[in-house]
Chemist: 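Below are the structure tokens for one structure; questions will follow.
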Amino acid sequence: YAPWCPACQQIELTWESFAKESEQLDITVGKVDVTQEPGLSGRFFVTTLPTIYHANNGVFRRYRGSRTLEDLQDYVLERKWEAVEPVAGWKSPSSIMMHGMAGLFHLSGWIRQIHSYLTGTLGIHVWISYSIFILATLLIGLFLGL
């Protein structure tokens with residue numbers, strides 16, 4: 001979820017109720033703020049918000065059903081998750097590919113922080129900051145090409 005997301009805000013009360021009943025369902029329910037955990041959103045390849053995953057014994061399934069409390073409970077109680085195709089091996093959050101994707105998300109956050117530092121703290125013009133990144137990209141490419 002993201003704090004600014006209207007759909008996430010709409011499901012928030014239902015999700016909290018689901019979390020309160022999680023002990024009775026013998027499950028663990030959590031939520032992750034993608035604005036605070038970009039690497040995790042990269043590992044799970046989150047492209048829409050909110051995104052709900054069911055994980056059991058290292059197998060991940062994306063929940064795409066109705067977002068009512070009853071339907072979430074039925075998904076677990078009636079083991080409806082067994083009929084859902086697991087996330088493909090290469091797209092699984094535990095795969096090497098998704099670890100790399102998480103790294104890219106972290107890198108983009110790091111670049112954004114550097115850009116904010118250059119423009120906000122040091123007062124460098126935005127286009128100069130862009131030029132620094134372009135130059136750094138070219139130099140890294142040349143170095144790797146050697």
Side-chain angles (χ1 to χ4, degrees), residues 1-23 25 27-73 75-76 80-146:
Y1 86 101
W4 48 262
C5 169
C8 299
Q9 294 167 356
Q10 186 177 11
I11 193 178
E12 188 170 13
L13 292 176
T14 302
W15 193 253
E16 287 176 7
S17 298
F18 185 53
K20 286 177 185 172
E21 296 186 16
S22 64
E23 195 171 308
L25 298 171
I27 61 171
T28 302
V29 175
K31 69 179 183 179
V32 176
D33 181 348
V34 297
T35 63
Q36 299 298 313
E37 298 291 338
L40 196 56
S41 66
R43 284 180 72 175
F44 280 85
F45 205 64
V46 174
T47 57
T48 58
L49 294 174
T51 300
I52 300 173
Y53 275 94
H54 173 265
N56 188 18
N57 295 327
V59 178
F60 298 89
R61 292 174 173 86
R62 186 163 175 194
Y63 177 78
R64 297 180 191 266
S66 171
R67 296 185 176 168
T68 65
L69 180 58
E70 296 78 26
D71 287 333
L72 290 167
Q73 291 169 332
Y75 185 78
V76 175
K80 291 182 179 180
W81 51 269
E82 291 176 335
V84 176
E85 186 75 25
V87 174
W90 68 273
K91 285 177 86 177
S92 174
S94 58
S95 73
I96 292 172
M97 176 79 84
M98 291 297 117
H99 279 283
M101 184 68 76
L104 289 175
F105 275 64
H106 281 295
L107 177 63
S108 70
W110 184 67
I111 290 171
R112 196 173 327 123
Q113 287 177 334
I114 292 173
H115 175 71
S116 295
Y117 175 76
L118 291 173
T119 57
T121 306
L122 298 181
I124 294 174
H125 193 273
V126 172
W127 288 105
I128 294 174
S129 175
Y130 291 159
S131 298
I132 291 170
F133 283 107
I134 291 169
L135 183 61
T137 302
L138 289 172
L139 291 174
I140 290 170
L142 287 171
F143 176 75
L144 291 175
L146 291 176

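Sequential numbering from 1 along the given sequence is applied to the chain's residues.
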Chemist: Is Asp71 close to Tyr63 at the side-chain level, that is, under 4.5 Å between some pair of heavy atoms?
Modeler: yes
Chemist: Less than 4.5 Å apart, any side-chain heavy atom of Thr35 and any of Trp4?
Modeler: yes
Chemist: Hey, could you give me each pair passing side chain to side chain donor-acceptor pair (under 3.5 Å) that has a residue in residues 117-137? Not counting sequence neighbours.
Modeler: His115-Ser129
Chemist: Got a sec, which pairs hit salt bridge (charged side-chain N to carboxylate O under 4.0 Å, His left out) with one end in residues 125-146, sequence neighbours left out?
Modeler: none
Chemist: If you measure from OG1 on Thr51 to NZ on Lys31, what distance do you get to the nearest 0.5 Å?
Modeler: 14.5 Å
Chemist: In a table with atom names and distances, give each donor-acceptor pair under 3.5 Å that connects a side chain of residues 139-146 to protein atoms at least two apart or in another chain.
Modeler:
none

Chemist: Any heavy-atom pair between the side chains of Pro50 and Arg67 that's under 4.5 Å?
Modeler: yes
Chemist: Look at atom CD of Glu82 and say whether more than 12 heavy atoms of other residues, nucleotides or ligands are closer to it than 6.0 Å.
Modeler: yes
Chemist: Measure the shortest side-chain to side-chain distance between Asp33 and Tyr1 over non-hydrogen atoms and say whether it is less than 4.5 angstrom.
Modeler: yes
Chemist: For residues Phe18 and Ile27, determine if any side-chain heavy atom of one lies less than 4.5 Å from a side-chain heavy atom of the other.
Modeler: yes
Chemist: What are the two closest non-hydrogen atoms of Thr48 and Arg62, and how far apart are they?
Modeler: OG1-NH2, 2.7 Å
Chemist: Minimum heavy-atom separation for Pro3 to Gln9, with atom names?
Modeler: O-NE2, 2.8 Å
Chemist: So do Ile114 and Ile132 actually touch side chain to side chain, heavy atoms under 4.5 Å?
Modeler: no
Chemist: Compare every heavy atom of Arg61 with every heavy atom of Glu85, then report the nearest pair and how far apart it is.
Modeler: O-CG, 4.1 Å
Chemist: Find out whether Tyr75 and Leu25 are in side-chain contact, i.e. whether some heavy atom of one side chain is under 4.5 Å from a heavy atom of the other.
Modeler: no
Chemist: Between Leu122 and Leu118, what is the shortest heavy-atom contact and its length?
Modeler: CB-O, 3.4 Å
Chemist: More than 12 non-hydrogen atoms from neighbouring residues, nucleotides or ligands closer than 6.0 Å to CD on Gln10, yes or no?
Modeler: no
Chemist: For the atom pair CG (Leu104) and CD1 (Ile111), what is the distance rounded to the nearest 0.5 Å?
Modeler: 9.5 Å
Chemist: Indicate yes or no for a side-chain donor-acceptor contact from Trp81 to the backbone of Ala55 under 3.5 Å, with no hydrogens or angles considered.
Modeler: no
